[in-house]
Amino acid sequence: MLDAAAAAAAVAGLAASLGVDRLRAAWGIHEVANLDMENAIRLVSVNRGFDPRSHALVCLGGGGPVHGPRLARALGVRVAVVPRAASGGSARGLLEASASVELTRTARLRLDDADAGPRCKSILNDLVEQAGASSFGAGGDVTAVCTLGMRYRGQGYEFLVPIDVATADPPRIAEAFHERYRQAYGYAEVEHPVEVVTWHIALVRSRAGRSPTPERRGGDRRGVPARRTVYFPETGLVDVDVHRRSDLRPGDTAPGPCLVSEMTTTTVVLPGDTVEVAADESLLVHVGQAE
């Protein structure tokens, strides 16, 4: 549990060194953390050609629901999703994720070479056979997924492009790369030679089933929301409702600013946002405005 007095003392020392009040220093720490996470999200979205505004932001981990709605605003995302047991997302993912093993080979192949077709087929077939001969590939419901590390000739980095082994030939592979490049940069150098650098095969075995969702206890008893003083830069210090997540039911909504509290995390609903409980009991924070 957080030691509020020790935290306040630590922030007070920082505030004094910066010449600002303690509340402003605490908010500055929060802002720096948000900026670090925002940059990390942009690295795997915008920098790869994906517009975050057309996606939802899933908030996992103990701190995800605290920072997620603010990050959604900064990124232009309209909905932040907080699944049940969000703070245990990594552990649950480990239990539910499909088991897999990967094989990788480096073999540079220019797709417009005269012998590109036979060489491509040979490399892929050899990888598939090697994967199938492994102990992991023996028996069970196993799917082979192929991904190629590709680039325009002369570039120093590759894009990972998924392909269908059954229909893979140099023209189709090149077109898949052009499309991936076009998605990232808005154009493609279709006249420029394309080469494959790395060849990846992943064997994926599906889990037999998902871990069960805990049943709700206590019938339909609901408590009156508590109240707590919270700081938002939009409002300053303000008293807000603190809803217990265990009291919420699918279809329930609450306007921000408010908090949704549970044992291992807290969802922060900002002023102008609304929180809704989905059918699967995920929290949907509808972002009312963008920064």
Side-chain angles (χ1 to χ4, degrees), residues 1-2 30 33-34 36-38 40-41 44-45 50 52-100 204-228 230 232 240-290:
M1 182 176 291
L2 176 68
H30 185 79
N34 280 350
D36 284 343
M37 287 183 278
E38 179 187 340
I41 294 171
V44 297
S45 59
F50 298 101
R53 294 173 298 180
S54 61
H55 296 74
L57 181 66
V58 180
C59 308
L60 295 172
V66 176
H67 297 272
R70 182 71 63 180
L71 289 170
R73 284 193 179 195
L75 294 163
V77 174
R78 308 309 299 176
V79 178
V81 182
V82 182
R84 286 194 66 181
S87 58
S90 296
R92 185 164 185 170
L94 182 63
L95 292 173
E96 295 184 0
S98 299
S100 66
V204 182
R205 176 178 287 123
S206 299
R207 296 286 191 187
R210 300 180 61 185
S211 56
T213 298
E215 294 183 4
R216 182 186 297 278
R217 298 180 179 179
D220 197 41
R221 292 180 301 171
R222 307 193 189 200
V224 176
R227 299 284 289 176
R228 180 176 171 183
V230 181
F232 299 96
V240 303
D241 285 338
V242 182
H243 304 276
R244 291 193 306 179
R245 188 162 184 174
S246 59
D247 287 343
L248 300 178
R249 301 292 184 270
D252 285 351
T253 62
C258 68
L259 304 177
V260 180
S261 177
E262 51 191 298
M263 285 291 293
T264 54
T265 190
T266 299
T267 301
V268 178
V269 185
L270 305 178
D273 295 354
T274 302
V275 62
E276 174 191 3
V277 184
D280 65 353
E281 299 191 5
S282 294
L283 300 180
L284 307 179
V285 180
H286 298 281
V287 179
Q289 55 190 348

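Nothing here was measured: the structure is a model prediction, and the numbers come from that model.
Here the straight-line distance linking atom CG of Leu284 with atom OG1 of Thr253 works out to 11.5 Å at 0.5 Å rounding. Summarising the geometry, atom SG belonging to Cys258 is positioned 4.5 Å from atom NE2 belonging to His243; distances are rounded to the nearest 0.5 Å. To the nearest 0.5 angstrom, Leu259 atom CG is 9.0 Å from Asp241 atom CG. Between the OG atom in Ser54 and the CZ atom in Arg78 there is a gap of 13.0 Å [rounded to 0.5 Å].
Of all heavy-atom pairs between Pro83 and Leu60, the closest is CG-CD2, 3.8 Å. In terms of heavy-atom proximity, Val268 sits nearest to Phe232 at CG1-CE2, 3.7 Å.
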Test side chain to side chain contact (heavy atoms under 4.5 Å, CB included) applied to Val81 and Leu283, step by step
CA-CA 6 Å; Val81 182; Leu283 300 180; over 6 Å; no
Given Leu248 and Val260, is the side chain to side chain contact (heavy atoms under 4.5 Å, CB included) satisfied, shown in steps?
CA-CA 9 Å; Leu248 300 178; Val260 180; 3.9 Å; yes
For a side chain to side chain contact (heavy atoms under 4.5 Å, CB included) check, start with the C-alpha distance between Asp273 and His286, then their side-chain angles and the critical distance, and finish with the verdict.
CA-CA 6 Å; Asp273 295 354; His286 298 281; over 6 Å; no
Stepwise side chain to side chain contact (heavy atoms under 4.5 Å, CB included) test for Val44 and Phe50
CA-CA 8 Å; Val44 297; Phe50 298 101; over 6 Å; no
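By the neighbour-count criterion of 12 heavy atoms within 6.0 Å, atom CZ of Arg227 is densely surrounded, having more than that number from other residues, nucleotides or ligands.
Looking only at side-chain heavy atoms (C-beta outward), Leu57 and Val79 stay at 4.5 Å or farther from each other. Looking at heavy atoms from C-beta onward, Val82 lies in side-chain contact with Pro65 at the 4.5 angstrom threshold. For the pair Leu75/Glu38, a side-chain contact is recorded, criterion being any heavy-atom separation below 4.5 Å from C-beta on. For the pair His67 and His30, the minimum side-chain heavy-atom distance is below 4.5 Å. Contact check for Ile41 versus Leu71: side-chain heavy atoms found under the 4.5 Å cut-off. Annotation: side chain of Val230 is not in contact with side chain of Pro257 (no heavy-atom distance under 4.5 Å).
Using a distance-only test at 3.5 Å, with no hydrogens or angles considered, a donor-acceptor pair links the side chain of Arg249 to the main chain of Asp247. Between the side chain of Ser282 and the backbone N or O of Ala278, no donor-acceptor pair lies under 3.5 Å. Side chain of Asp36 to main chain of Ala33: no donor-acceptor pair is present (N/O by atom type, distance under 3.5 Å, no hydrogens or angles). Panel note: side chain Ser87, backbone Gly62; no donor-acceptor pair is recorded below 3.5 Å. With hydrogens and angles disregarded, no donor-acceptor distance shorter than 3.5 Å links the side chain of Arg245 to the backbone of Glu262.
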